[in-house]
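So the structure is just underneath, and the comments pick up after that.
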Amino acid sequence: MESVQKQYTVLCIVGARPNFMKIAPIMRAMASSSVISPVLLHTGQHYDAEMKHSFFDQLHIPEPDIDLEVGSGSHAEQTAEIMKRFEPVLDELKPAAILVVGDVNSTIACALVAVKKSIAVVHVEAGLRSGDRAMPEEINRVLTDQISDLLFTTEADAIENLTAEGIPPERVHFVGNVMIDTLLYNRERATPAEQVLNEVSSGYGLLTLHRPSNVDDPAVLKRLLEVLVKLSKRLPLVFPVHPRTRQRITNMGFDSLLENSAISLLPPLGYLQMLGLMSDATVVLTDSGGIQEETTALGVPCITLRENTERPITLTQGTNVLAGTDVAAIESAFNDVLEHGGRKGNVPELWDGNAAVRITQIIEAFLEERAVGHN
Ligand code: UD1
């Protein structure tokens, strides 16, 4: 925590792995602010060392000032537990604003508690829409944006989505991408791929899979694993496995599918290891949201194993291709990479490493204006 109390306390929330790389540059920028004291709260949605500690250490995120230690549960249990434990924190701390990032359960849970206490809600990475309401994150996105006072966007489509949902334009600010702030800041520090892998042959593909739609349905997971095993005969695949996916593979009896394949299973990796592996990969196959953006920023071909994306700029300007879970589409995208190098892209506007600084300046002005209004 800051030793000198500044004018405004902003309570910054993290809960799950993809939040950590987004909060790191924001905490850094706010620490340099002359008027904002950032306080960091971790809900504890992700708690395994591999899902949490390595990120705090590697990204130099300060230890959370508050840890709600909620852990796993059904969506209702997890969201409700965060809300219950968050409320007394707000009552005691009385921050000028809370800041939430992304689209996880911690994002909506904390935003909902704060808005009902008339505490300003700031949402970083607002306006992204997959159009797929079967995705828990889509619900979290739509609802968080509706109750936010300040909304920071990463791409032009997000602004259009917010306008279409009736969000007043003066609340919305296009600032760029904090995830890419972190990527650019850490690029030189990335762990070289050969240090993460015991041996790097002549190229590899990097695979991640964790979306419920891909790993909770045995038929879909089996189909995906079978095509990936087939592809790995042409290019070895490296697969850091999310805890949820690890459980599903074992519980559904699919370990044997992967045995003797050219897919190497690894535990979840730290940020610098993932960045090193992504940078050197021939291709990345993923169902993650953030990785679609990171590969676009790195210029590495990405095949997204989903039917839709909330990050369309990675398709129109970046290196991303949507292949869904259709075997023929995945094989065709993979062939295109091996034969022609995949889609060449550009780095989108304002993905320049300075999004968090812009965000901090806008929050400062917002809080000053609000304070004047309240006097
Ligand atoms: C959450 C986010 C998702 C994000 C993903 C990144 C929501 C709705 N989803 O999904 O948007 O892409 O994080 O990882 O918030 N588990 C552990 N250890 C942990 C955390 C989870 O073993 O530290 C296991 C538990 O069995 C848990 C399961 O993973 O039930 C799922 O965790 P949960 O936080 O519910 O959602 P994720 O699938 O990780």
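Sequential numbering from 1 along the given sequence is applied to the chain's residues. Side chains included, hydrogens not; waters and symmetry mates left out as well; all remaining heavy atoms used. In each ligand, atom 1 is the first atom listed, and ligand 1 is the first ligand listed.
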Could you find the nearest protein heavy atom to [atom] and give me its residue, atom name and distance?
| atom | answer |
| --- | --- |
| atom 4 (C) of ligand 1 | His210 NE2, 3.7 Å |
| atom 22 (O) of ligand 1 | Pro243 CB, 3.3 Å |
| atom 16 (N) of ligand 1 | Tyr47 OH, 3.7 Å |
| atom 11 (O) of ligand 1 | Glu137 OE2, 2.6 Å |
| atom 2 (C) of ligand 1 | Val104 CG1, 3.7 Å |
| atom 8 (C) of ligand 1 | Asn105 OD1, 3.3 Å |
| atom 38 (O) of ligand 1 | Arg244 NH1, 2.9 Å |

### Query
Is His46 touching ligand 1 with its side chain, its backbone, both, or neither, if touching means heavy atoms under 4.0 Å apart?
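The answer is both.
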### Query
Is it the side chain (CB and beyond), the backbone, both or neither of Ser106 that lies under 4.0 Å from ligand 1, heavy atoms counted?
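Contact part for Ser106 vs ligand 1: neither.
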### Task
Walk me through it: do His42 and Tyr47 pass the test ring-ring contact (aromatic ring centres under 6.0 Å, His included)?
CA-CA 10 Å; His42 180 35; Tyr47 45 89; 9.2 Å; no
Under a 3.5 Å cutoff, is there a donor and acceptor pairing between the side chains of [X] and [Y]?
| X | Y | answer |
| --- | --- | --- |
| Thr296 | Thr314 | no |
| Gln45 | Asn105 | no |
| Asn186 | Arg189 | yes |
| Gln273 | Gln58 | yes |

Which of the numbered atoms in ligand 1 are below 4.0 angstrom from a heavy atom of [X]?
| X | result |
| --- | --- |
| Arg211 | 3 (C), 11 (O), 12 (O) |
| Gln78 | 34 (O), 35 (O) |
| Gln247 | 26 (O) |

### Task
Kindly write out the residues that satisfy side chain to side chain donor-acceptor pair (under 3.5 Å) with Gln292, not counting sequence neighbours, or none if the list is empty.
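Expected list: Thr309, Asn320.
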### Query
Any cation-pi pair here, Lys52 with Phe56, using under 6.0 Å and within 45°?
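Yes, Lys52 sits over the ring of Phe56.
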### Task
Determine the sole option in Arg311, Glu307, Glu310 for which the side-chain contact (heavy atoms from CB on, under 4.5 Å) test with Ser130 is passed.
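Considering Arg311, Glu307, Glu310, a side-chain contact (heavy atoms from CB on, under 4.5 Å) with Ser130 is found only for Glu310.
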### Query
Going only through I, L, V, M, F, W and Y residues with side-chain contacts under 4.5 Å, is there a path from Val70 to Val100?
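Yes, Val70 and Val100 fall within the same hydrophobic cluster.
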### Task
Look only at interatomic distance and state if His75 has a nitrogen or oxygen under 3.5 Å from any nitrogen or oxygen of ligand 1.
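The answer is no, given that His75 and ligand 1 share no N or O pair closer than 3.5 Å.
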### Task
Consider every N or O of Asn140 and every N or O of ligand 1, then say whether any pair is closer than 3.5 Å.
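Between Asn140 and ligand 1, no N or O pair is found under 3.5 Å apart.
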### Query
Relative to atom 25 (C) of ligand 1, which among Pro18, Ser72, Gly290, Gly44 owns the nearest non-hydrogen atom?
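Heavy atom nearest to atom 25 (C) of ligand 1 belongs to Ser72.
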#### Entry: salt bridge (charged side-chain N to carboxylate O under 4.0 Å, His left out) pairs, two or more places apart, involving residues 156-173
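Output for this query lists Arg129-Glu165.
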### Query
Would Lys52 count as a contact of ligand 1 if the rule is a heavy atom under 4.0 Å away?
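It does not; every heavy atom stays at 4.0 Å or beyond.
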